[in-house]
2 protein chains.
Amino acid sequence: MSTEELKALFNQSGQRFTAQREAVWQLFVEHPRGLTIAQATTVLAERKISQTTIYRTVKNLQDMGYLRWVHNPEGEHRYLATRPGHTHMLVCRQCDRAVECSDCDLSVLEQLIARKTDFTVEGHYLEFYGLCPNCRKTL
Amino acid sequence: MSTEELKALFNQSGQRFTAQREAVWQLFVEHPRGLTIAQATTVLAERKISQTTIYRTVKNLQDMGYLRWVHNPEGEHRYLATRPGHTHMLVCRQCDRAVECSDCDLSVLEQLIARKTDFTVEGHYLEFYGLCPNCRKTL
DNA sequence: ACAGTTAATGAAAAAATATGTCAATAAAAA
DNA sequence: TTTTTATTGACATATTTTTTCATTAACTGT
């Protein structure tokens, strides 16, 4: 999703793609691991963007389908920019470094689950965690 | 998980399986779709159980692995009674009904990713979403 | 470029959600 | 029973999220 495309989409529905909205979107694009509202607020405070705007923009983007809300088992709420193509994150529990891994074929698993439960499985959210090479060395 | 088993588990760790705790547990067992804290509070207020106790008991049960936290796209937080251990949720995006699926073998995938990235992969968080049989019919 | 129109922003207040404190209570142990 | 210890509930406090409304900024038509 390029900035231009996003702008066009906003404009289509009579909404404006303001500097603030662009900044919020950019921030999430730059952080593939996602951010909590609190984190986004801290970063964007430097650019004088208010917390209220961040809440509103995140909800906007979420409704449009460009941000996805995920929670981890610890109860942290974060938002991730949905990416074209299906990728997953592999996150270091020590330093939070994240890499994307695009090869995931869960279709067999989804089929199995669909058969067992009679649900229509539309998708999944998958995140791996572990230790990155650096942290493994220094621990 | 029977009430007796749960009581035993509480007692094992020097905790008491009080009437309040039993009531909270029972409530979640009776509601397979899960409940928010607010919903649980409303119901259990009739039995003079305080909100504080509900928060605490939910956290307790969650730490023990018998309640699991799920989120729907609207941002509602609800808790579901589940069995402990490594299971995953399959959540209906329409009605929020959730079922557990325990068969997930991602070990091959984890090995592949470990080799590619040099991370030590310790685990994963996986959640499926889709449509439950009922909602598929009525849509 | 300019004025008119409409949407978006930010600050503050309000509401909703969650956690901490502590005296009173209830359960288990001695 | 008495003592000990865990748990509860009321309240206070903290955190998170939403609403309100005057101000500001972005589009529209001229």
Side-chain angles (χ1 to χ4, degrees), chain A residues 3-4 6-28 34-64 66-79, chain B residues 3-4 6-28 34-64 66-79:
Chain A
T3 305
E4 287 74 32
L6 195 60
K7 179 180 162 63
L9 279 162
F10 266 93
N11 292 342
Q12 266 171 33
S13 55
Q15 295 189 97
R16 292 165 190 174
F17 193 60
T18 61
Q20 288 92 332
R21 283 175 176 170
E22 185 172 343
V24 172
W25 170 244
Q26 265 305 116
L27 183 67
F28 282 96
L35 297 139
T36 62
I37 295 279
Q39 291 170 329
T41 301
T42 304
V43 176
L44 294 173
E46 293 167 16
R47 298 170 71 173
K48 308 274 183 225
I49 297 176
S50 76
Q51 201 196 37
T52 311
T53 295
I54 294 166
Y55 269 105
R56 280 192 284 228
T57 305
V58 163
K59 181 157 280 183
N60 255 336
L61 291 167
Q62 193 185 15
D63 290 345
M64 296 169 81
Y66 296 107
L67 279 185
R68 187 163 145 61
W69 192 65
V70 300
H71 70 274
N72 64 11
E74 285 75 42
E76 231 185 16
H77 315 316
R78 305 141 97 207
Y79 293 88
Chain B
T3 304
E4 287 73 31
L6 196 60
K7 178 180 163 64
L9 278 163
F10 266 92
N11 292 343
Q12 266 171 34
S13 55
Q15 296 189 97
R16 292 163 190 176
F17 194 58
T18 60
Q20 289 92 333
R21 284 175 175 169
E22 186 172 346
V24 171
W25 171 245
Q26 266 305 116
L27 184 67
F28 281 97
L35 296 141
T36 62
I37 295 278
Q39 291 170 330
T41 302
T42 305
V43 175
L44 294 173
E46 294 166 17
R47 299 170 71 174
K48 309 273 182 225
I49 297 176
S50 76
Q51 200 198 36
T52 310
T53 295
I54 293 166
Y55 269 106
R56 280 191 285 228
T57 306
V58 163
K59 180 157 281 182
N60 254 337
L61 291 166
Q62 192 185 16
D63 290 345
M64 296 169 80
Y66 295 104
L67 278 185
R68 194 156 306 193
W69 194 63
V70 297
H71 69 278
N72 64 10
E74 284 75 44
E76 232 184 14
H77 315 317
R78 39 191 31 204
Y79 293 88

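Quick caveat, the model's predicted, so the values are computed rather than measured. Labels below follow one simple rule: chain letters A, B, ... track the order of the sequence lines, proteins then strands, and each chain is numbered from 1.
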Which residues within residues 38-51 of chain A lie with some heavy atom under 4.0 Å of an atom in DNA chain D? A:Gln51
Can you name the side chain to side chain donor-acceptor pair (under 3.5 Å) partners of B:Thr53, sequence neighbours left out? B:Ser50
Test side chain to side chain contact (heavy atoms under 4.5 Å, CB included) applied to B:Lys59 and B:Leu61, B:Asp63, B:Thr57, the passing residue: B:Asp63
Heavy-atom protein contacts under 4.0 Å, nucleotides 24-30 of chain C, coded B base, S sugar-phosphate only, - none: --BB---
Earliest and latest nucleotide of DNA chain D, 5' to 3', sitting under 4.0 Å from a non-hydrogen atom of chain B? D:dT5 to D:dC11
Residue-level proximity of residues 53-61 of chain A to DNA chain C when a heavy atom falls under 4.0 Å: A:Thr53, A:Arg56
Whole Å only: how far is the CD1 atom of B:Ile37 from the P atom of C:dT17? 11 Å
Heavy atoms of B:Ala23 and B:Ile49 approach each other most closely as CB-CD1, 3.6 Å
Run the side chain to side chain donor-acceptor pair (under 3.5 Å) test against B:Gln51 and tell me which residues pass, sequence neighbours left out. none
Separation of B:Glu76 atom CD from C:dA16 atom P, in whole Å? 15 Å
Can you name the residues that form a side chain to side chain donor-acceptor pair (under 3.5 Å) with B:Arg68, not counting sequence neighbours? B:Thr87
Sorted by chain and residue number, the side chain to side chain donor-acceptor pair (under 3.5 Å) partners of A:Gln15 (sequence neighbours excluded) come out as A:Ser13
To the nearest 10 degrees, what angle separates the axes at the start and end of the helix from C:dA1-D:dT30 to C:dA30-D:dT1, five pairs each? 40°
Partners meeting side chain to side chain contact (heavy atoms under 4.5 Å, CB included) with B:Val70 (sequence neighbours left out): B:Arg78, B:Leu80, B:Met89
Any chance you could measure A:Glu76, atom CD, to A:Gln39, atom CD, to the nearest 0.5 Å? 6.0 Å
What is the separation between atom NE2 on A:His77 and atom P on C:dT17, rounded to the nearest whole Å? 12 Å
Using side chain to side chain contact (heavy atoms under 4.5 Å, CB included) as the criterion, list what pairs up with B:Phe17, not counting sequence neighbours. B:Thr3, B:Leu6, B:Lys7, B:Phe10, B:Arg21, B:Glu22
Not counting sequence neighbours, which residues clear side chain to side chain contact (heavy atoms under 4.5 Å, CB included) with B:His77? List them please. A:Trp69, A:His77, B:Trp69
